[in-house]
Amino acid sequence: MNAVDASGGNTPSEQTPDLVEPDDSLPETRMEDLERALQDAAARAGWKRLMPVQAKTIPYMLAERDLIVQARTGSGKTGAFLLPILGKIDPGRADCQALVLAPTRELANQVAKEAEILSGDMGVRTVAVYGGVAYGPQIEGFKKGAHVVVGTPGRILDHLEQRCLHLNKLAVLVFDEADRMLSMGFYPDMKRLQGHLPRRSFAAYMFSATITPNVRRLANQFLRNPDFLSLSRDVVHVAEVQHVYYMVPAMEKDRCLVRVIEMENPDSALIFCNTRASAHYVATVLQRFGYDADEISSDLPQKAREDVMKRIRAGKLRFLVATDVAARGIDLISLSHVFQYEVPEDPESYIHRAGRTGRAGAAGVAVTLVAGMEQVELNRTAKRYGIDMERRPTPSDADVQSIVAERVTALLETKLRDRDKLRTERMERFVSLARGLGESADELRVIAMLLDDFYQETLHAPPAPIPDSPDAPPPASERKQSPARRTKRDGGQRQSKGRSGAERSGRRR
């Protein structure tokens, strides 16, 4: 795998930051290299040139080489997989030929709309599929012969198990924002969906903002010997830390911390405070909100400290709140996030805190809540150590409500699928009651209470890691390959850009 300084490279339109690409990399594509139909599609979307992620990704998709792509949201990755997908669709066949899995209904709708804009009059039919809405229009879209299906794993699995959707003609599978799909709790659905994938050859691609160990394991389960391509400046290698901060009102830091945690949904986190009083307050807020959280400080009695340490060593504590002094000697190998509730008073402390995540080959995220003049201290630290800080918009209550609603819907639909006929028949007794409760504002709070309890019990426990050797069939390595899809990388030569993707990759078709 080569790290390339893009300033001296073959950039199509602008400099590509800190590129990482396969050893047997392919030459990037320019707009004029594309087939006329795809150039016309790009013109319909108003694209005059390809963005770096598109120029780098499209050759691998045309060559049908399974690929993991690390790129930020907003980098142009949707076009990177939609353009080559449209070039492979046969409009004369009324079958699902491309499946795009997305973590949320908003993203599914966004991708489907972009596919419709790009396809124009090409005769390619697209349908968006997600939970929380009626099945009818989605089934009607399948009956009309949807070529491209974009949706959340849970609802797509529903249609597959009800035999409304079939993947026997699938040619391309895309996981969009794989890291977010895992944070939404979709892994069990994705493994069940895997049993509906064809065993014959098809191309598979995974796009993710960060490549965590769980994302890497997921890729190995669905993709065949995938290449790795990174265009994300913040996390070029899987062992590095992404530095993120949120500007928040000083008097609302506690509520902002809860909202950020809900959006990030970390596997585990260490939350740093500058004082013992702040650590105790934050731990109390998180506990009352229902999180699996505890604190450790010099004020704790020895027995209480030992109990906390025992939970930490057993991997049974999701959130630990601590000061810099209290956290010394505590080594959490699998830590996915570090939260800094307060900006540390000296730059060295920031480095020590952020360094607690991203260990043992894992990706990590260091999140800082910044209020008022604290930004001056954070900027000083970033400048001193050459850290590229990414500012993210502080999530609102509406943002949290939206993401929580989608998670709950996905989890409930999963539980519903697991019910046998007898339990489903028993459940029917409560349908009329559920309908009646929904008619009154006061009674709606009863439903909200039940959903909240379900969410707390299901998602606020430490999430289980993705296994390295799952039993669900079929692993990507067992997908049967036709002679036309076998890799021939040894001795492969780079070809000119004017040749086909298959020729450029050195693969036989």
Side-chain angles (χ1 to χ4, degrees), residues 10-14 16 19 21 25-91 93 96-102 107-128 146-150 170-177 202-208 223 226-227 229 231 497-505 509:
N10 190 11
T11 311
S13 55
E14 56 187 83
T16 305
L19 176 69
E21 56 184 343
S25 60
L26 301 179
E28 61 189 44
T29 294
R30 298 171 300 175
M31 184 70 77
E32 53 267 33
D33 297 328
L34 297 176
E35 296 177 2
R36 171 51 59 184
L38 298 186
Q39 291 186 43
D40 293 342
R44 279 190 290 271
W47 303 345
K48 294 182 173 58
R49 56 187 178 177
L50 297 178
M51 297 180 72
V53 67
Q54 297 163 356
K56 288 292 183 183
T57 301
I58 287 175
Y60 294 91
M61 294 196 68
L62 294 178
E64 299 182 12
R65 281 170 60 170
D66 287 17
L67 182 70
I68 304 170
V69 180
Q70 182 174 274
R72 283 185 180 181
T73 299
S75 61
K77 62 181 175 57
T78 303
F81 61 76
L82 282 181
L83 274 180
I85 281 177
L86 293 176
K88 293 179 178 294
I89 296 295
D90 179 359
R93 285 172 30 206
C96 173
Q97 298 167 50
L99 175 63
V100 180
L101 297 176
L107 183 58
N109 268 322
Q110 175 187 323
V111 172
K113 287 177 181 176
E114 192 159 340
E116 291 170 356
I117 293 172
L118 289 169
S119 61
D121 58 358
M122 295 172 67
V124 176
R125 293 181 291 274
T126 302
V127 62
H147 302 112
V148 180
V149 176
V150 186
L170 187 71
V172 181
L173 172 64
V174 173
F175 298 84
D176 194 8
E177 297 195 7
F202 61 88
Y205 307 91
M206 188 169 288
F207 292 78
S208 187
L223 280 60
D227 292 311
L229 176 67
L231 294 97
K497 293 184 181 179
R499 297 188 181 183
S500 69
E503 290 174 325
R504 288 200 300 268
S505 70
R509 290 286 160 235

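Keep in mind that the numbers below use all heavy atoms, side chains included, and drop hydrogens, waters and symmetry copies. The residues of the chain are indexed from 1 along the displayed sequence.
To the nearest 0.5 Å, the span separating CG on Leu62 from CG on Asp33 amounts to 10.0 Å. If you take CD on Gln39 and CG on Leu50, they are separated by 9.0 Å, rounding to the nearest 0.5 Å. Here the CD1-CG distance, from Ile89 to Leu82, works out to 10.0 Å after rounding to the nearest 0.5 Å. Of the inter-residue distances, the one linking Lys56 atom NZ with Leu229 atom CG reads 7.5 Å to the nearest 0.5 angstrom. With rounding to the nearest 0.5 angstrom, the CE atom of Met51 is 10.5 Å from the OG1 atom of Thr78. Residue Met31 holds its CE atom at 9.5 Å from CG of Leu38, rounded to the nearest 0.5 Å.
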Give every donor-acceptor pair under 3.5 Å between a side-chain atom in residues 114-122 and any protein atom, sequence neighbours left out.
{"from": "Ser119", "atom 1": "OG", "to": "Ala115", "atom 2": "O", "distance (Å)": "2.9"}
{"from": "Ser119", "atom 1": "OG", "to": "Glu116", "atom 2": "O", "distance (Å)": "3.2"}

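Residues Ile58 and Pro84 approach most closely at CG1-CD, 4.0 Å, considering heavy atoms. Taking both residues in full, the closest heavy atoms of Pro59 and Pro27 are given as CG-O, 3.3 Å, listed atom of the first, atom of the second, then distance. Residues Thr57 and Ala80 come closest through the heavy atom pair CB-CB, 4.0 Å. Considering all non-hydrogen atoms of both residues, Pro226 and Leu67 come closest at CB-N, 4.2 Å. Listed here is the closest heavy atom pair of Leu26 and Ala63: CD1-CB, 4.1 Å. Nearest heavy atoms, Gly123 versus Pro91: O-CB, 3.7 Å.
Remark: Asn109 engages Tyr130 in a side-chain hydrogen bond (donor to acceptor under 3.5 Å, both in side chains) (not counting sequence neighbours). Take Phe175 and apply the ring-ring contact (aromatic ring centres under 6.0 Å, His included) test, not counting sequence neighbours, and it matches Phe222.
For the pair His147 (side chain) and Leu86 (backbone), a donor-acceptor distance under 3.5 Å is absent. Of the possible polar contacts, none joining the Asp176 side chain to the Ala102 backbone as a donor-acceptor pair under 3.5 Å is found.
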Task: Stepwise side chain to side chain contact (heavy atoms under 4.5 Å, CB included) test for Phe202 and Leu173 - done: CA-CA 8 Å; Phe202 61 88; Leu173 172 64; 4.0 Å; yes
Open item on the list: Assess the residue pair Val174 and Val111 against the criterion (side chain to side chain contact (heavy atoms under 4.5 Å, CB included)); give the C-alpha distance rounded to whole Å, side-chain angles, the decisive distance to 0.1 Å, and a yes or no.
Closed with: CA-CA 12 Å; Val174 173; Val111 172; over 6 Å; no
Open item on the list: Assess the residue pair Phe207 and Phe81 against the criterion (ring pair (Phe, Tyr, Trp, His ring centres under 6.0 Å)); give the C-alpha distance rounded to whole Å, side-chain angles, the decisive distance to 0.1 Å, and a yes or no.
Closed with: CA-CA 9 Å; Phe207 292 78; Phe81 61 76; 5.3 Å; yes
- [ ] List the steps and the verdict of side chain to side chain contact (heavy atoms under 4.5 Å, CB included) for Asp90 and Gln97.
- [x] CA-CA 8 Å; Asp90 179 359; Gln97 298 167 50; 3.8 Å; yes
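The shortest side-chain heavy-atom distance between Ser25 and Tyr60 falls under the 4.5 Å cut-off.
Looking at Asp40 and Arg44, no side-chain N of the basic residue comes within less than 4.0 Å of a carboxylate O on the acidic one, giving no salt bridge.
For the side-chain contact (heavy atoms from CB on, under 4.5 Å) test with Met61, the passing option among Ile85, Thr29, Leu83 is Ile85; the others fail.
Residue-environment remark: CD (Glu32) exceeds the threshold of 12 foreign heavy atoms within 6.0 Å.
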